[in-house]
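Notes follow the structure.
Proteins get letters first, then strands, A, B, ... in listed order; numbering begins at 1 in each. Predicted model only: the values in this text are computed from it and were never measured.
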Amino acid sequence: MSEVRVRFAPSPTGSLHIGGARTALFNWLFARHNGGKFILRVDDTDLQRSTEESMKGILEGLRWLGIDWDEGPIYQSQRIEEYRKFANKLLEEGKAYYCFCTKEELEEMRKQAEKEGRPPMYTGKCRNLTKEQIEEHLRQGRKPVIRLKVPQQGKTVVHDVIRGDVEFDNSTFDDFIIMKSDNMPTYNFATVVDDYQMGITHVIRAEEHLSNTPKQILIYEALGLEIPQFAHVSMVLAPDRSKLSKRHGATSVQEFRDQGYLPEAIVNYITLLGWMPKDGEEIFDVSKGIKEFTLERVSKNPAIYDVQKLTWINGHYIRNYDLDKLTEAVIPFLKAKNLIREDFDYDYIKKIVSAVREREKTLVDIADAMSYYFTEVNEYEEKGVKKYLTKEKVVDILKKAVVTLKEVEPFNKFTTEEAYRKLVEELQISSGELFHPTRLAISGRTFGPGLFDIMELLGKERTIERIEKAIDFIEKMRK
RNA sequence: UGGGAGGUCGUCUAACGGUAGGACGGCGGACUCUGGAUCCGCUGGUGGAGGUUCGAGUCCUCCCCUCCCAGCCA
């Protein structure tokens, strides 16, 4: 058995969306599981739509996810002579031919088929041109495409590792184009030449290409090349079951990254779209995926991605990440919110992250939850105001809290909690009557880390100052 | 119109022809401050109709639904 060689071959015409990332990941897992090679190829023969920016984004997204490639990126646009060489071989052997049909002629065939209720197909009009006719057309400066001569009888069978044998009747194919009139290859042709020359053993890709596969097999056969194994993984669909597109909200790896998802969480989640470890445990790290991944256990169903489940998984990773690593990950989000500049107190941020991580599910949420440690509290949550700051005794309670806190030394979560509980007893009130207004005063919010954690992190001075400010607010509100 | 693939709780995914289970979500409860964290409980499914079989999510037939391909895009 030769070495496993698989490839991921994105077209640089858009972002790396989660469906593509999932396909790349399955290829990568398969390569790593089998001690083989993962090759990155770039299908950039659509010269009009391919962009450098898109290419960069895809590479960056793969790197960020940790999907490293062993060879490449190999650009199709730099291999045009290879495709032309193989096309000429087919021409010389009479297995392909020039077609001079104009776009208008092709359109006419399409309309005729529609009128007769047939599927649109090329009629084979140029299939049997004489050498003289061909030369005459060329002399006139007409630019032909090259079409493969497709056998008109028999079946082509795709032996799919995931789905089993899939049969196609050759009569359903026309003589499809392999080289365009601009002398660039079509997708099906370039793919065959590349996969052969790169020694690809398994073509693992999305199911949308299953219907293209018999055409590729016909090309392999015409060229006399050995056919790789195919595995078509199911589509990842949008929540409305259509193909992923921007109207569905975040779909790309970059967008999820910008929303504060961790690469490990995304990798864990997208692995579950069509596969699962034997023990059924859904949180696992990538080494376990590498150890257990096989194509035979890949599901055939289309999958609809679920942002809520991804978010739940992300929360798990946030709670269990190495604290320093998590702090480093949060810092760009703090900067994006202008909460910190270049000279920040790393240890202080780390302490807050540690307090905040238990209750948040994305890095954006964490940064948001940290804002009141860095900026002044100028607003209070409206529902909190109504619920806690309109009570008759709240001002007296908060004034007494200030007096009490001024005496607390050292000022940490234990001493503040002890002082607060003692105050609750003295005043003969419920804990809530003291704790809730305090939380709102010092954070502006009704939820968050433990109250005494917040106090310790803010420090004595700011805690007291904010409570006093809230007292002012309440008194003004009462006028 | 032709060809191809699929169909298990709302979503993802398990189940040698032999007990339909897990997770997320939703609902409820517990947490001597919150709850948008955590823990516990509940809820909820084999698209439909036949057939084969002692026994069908699983095998067969028909119907229905969804997706993909039929671009000189990939």
From [options], nucleotide with atom closest to [X] side chain:
X      : options             : result
A/V166 : B/A5, B/G22, B/G3   : B/A5
A/K103 : B/C72, B/A23, B/A74 : B/C72
A/L273 : B/C33, B/C12, B/A5  : B/C12
A/P119 : B/U13, B/G25, B/A70 : B/A70
A/Q308 : B/G4, B/A70, B/G25  : B/G25
A/T446 : B/G25, B/C72, B/G36 : B/G36
A/H436 : B/G6, B/C33, B/G25  : B/C33
A/S431 : B/A14, B/C12, B/U32 : B/U32
A/R49  : B/U8, B/U11, B/C73  : B/C73
A/R359 : B/G35, B/U11, B/G4  : B/G35

Any [X] side-chain N or O less than 4.0 Å from OP1/OP2 of [N]:
X      : N     : value
A/T45  : B/C73 : no
A/K180 : B/A74 : yes
A/N301 : B/G6  : no
A/K361 : B/A37 : yes
A/S11  : B/A74 : no
A/R445 : B/U34 : no

**Prompt:** Heavy atoms, side chains only, cut-off 4.5 Å: are A/I80 and A/M184 in contact?
**Reply:**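 Yes, their side chains come closer than 4.5 Å.
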**Message:** Side chains of A/R7 and A/L40, heavy atoms from C-beta outward: is any pair under 4.5 Å?
**Reply:**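 They are not in contact (no side-chain heavy atoms under 4.5 Å apart), so the answer is no.
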Checking all strands, does [X] fall into the base, sugar-phosphate, or nothing category for heavy-atom contacts under 4.0 angstrom?
X      : value
A/D43  : sugar-phosphate
A/E116 : nothing
A/G384 : nothing
A/L272 : sugar-phosphate
A/F168 : sugar-phosphate
A/G274 : sugar-phosphate
A/H232 : nothing
A/L106 : base
A/K278 : nothing
A/C101 : base
A/I177 : base

**Donor on one side chain, acceptor on other, A/Q76 and A/D194, under 3.5 Å** =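 A donor-acceptor contact under 3.5 Å links the two side chains.
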**Request:** Assess the side chains of A/T438 and A/Y420: does a donor N or O sit below 3.5 Å from an acceptor N or O?
**Result:**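 Yes, A/Y420 and A/T438 have a side-chain donor paired with an acceptor closer than 3.5 Å.
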Can you check the distance between [N] and [M], where both ends of the measurement are the [atom1] atom (answer in whole Å)?
N     : M     : atom1 : answer
B/G7  : B/U11 : C1'   : 15 Å
B/G48 : B/C16 : C1'   : 28 Å
B/U61 : B/A5  : P     : 13 Å
B/C9  : B/U46 : C1'   : 10 Å
B/G21 : B/U8  : C1'   : 11 Å

Looking at [N], which nucleotide sits across from it as a Watson-Crick or G-U wobble partner, both distances under 3.5 angstrom, or is there none?
N     : result
B/A30 : B/U38
B/G21 : B/U13
B/U66 : B/A5
B/C72 : none
B/U61 : B/A49

**Message:** With rounding to the nearest 0.5 angstrom, report the CZ to NZ distance, A/F173 to A/K215.
**Reply:**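 Between A/F173 CZ and A/K215 NZ, I get 6.5 Å after rounding to 0.5 Å.
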**Asked** For A/E208 and A/R163, take the nucleotide of RNA chain B holding the closest heavy atom to each; which residue's nucleotide lies nearer the 5' end?
**Response**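 Looking at RNA chain B, the more 5' nearest nucleotide goes with A/R163.
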**Request:** For A/M235 and for A/L310, find the nucleotide of RNA chain B with the closest heavy atom, then tell me which residue's nucleotide is more 5'.
**Result:**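 Of the two residues, A/L310 wins.
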**Message:** When you measure only distances, ignoring hydrogens and angles, does the side chain of A/S181 come within 3.5 Å of the base of B/C72 through a donor and an acceptor?
**Reply:**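 For A/S181, whose side chain was compared with the base of B/C72, there is a donor-acceptor pair (under 3.5 Å).
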**Item:** B/G2 base / A/T172 side chain donor-acceptor hit below 3.5 Å
**Value:**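 Looking at the base of B/G2, it does not pair with any donor or acceptor on the side chain of A/T172 (distance under 3.5 Å).
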**Prompt:** Is A/E82 paired with A/K85 through a side-chain N to carboxylate O contact shorter than 4.0 Å?
**Reply:**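 Yes, this pair counts.
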**Prompt:** Does a salt bridge link A/K56 with A/E52, judged by any charged N lying under 4.0 Å from a carboxylate O?
**Reply:**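 No.
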**Message:** With a 6.0 Å cut-off (strictly less than), is the heavy-atom count around CD of A/Q197, excluding the residue itself, greater than 12?
**Reply:**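 Above 12, so yes.
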**Message:** side-chain hydrogen bond (donor to acceptor under 3.5 Å, both in side chains), that's the test. Do A/Y321 and A/E264 meet it? Break it down for me.
**Reply:** CA-CA 10 Å; A/Y321 231 56; A/E264 292 88 346; 2.7 Å; yes
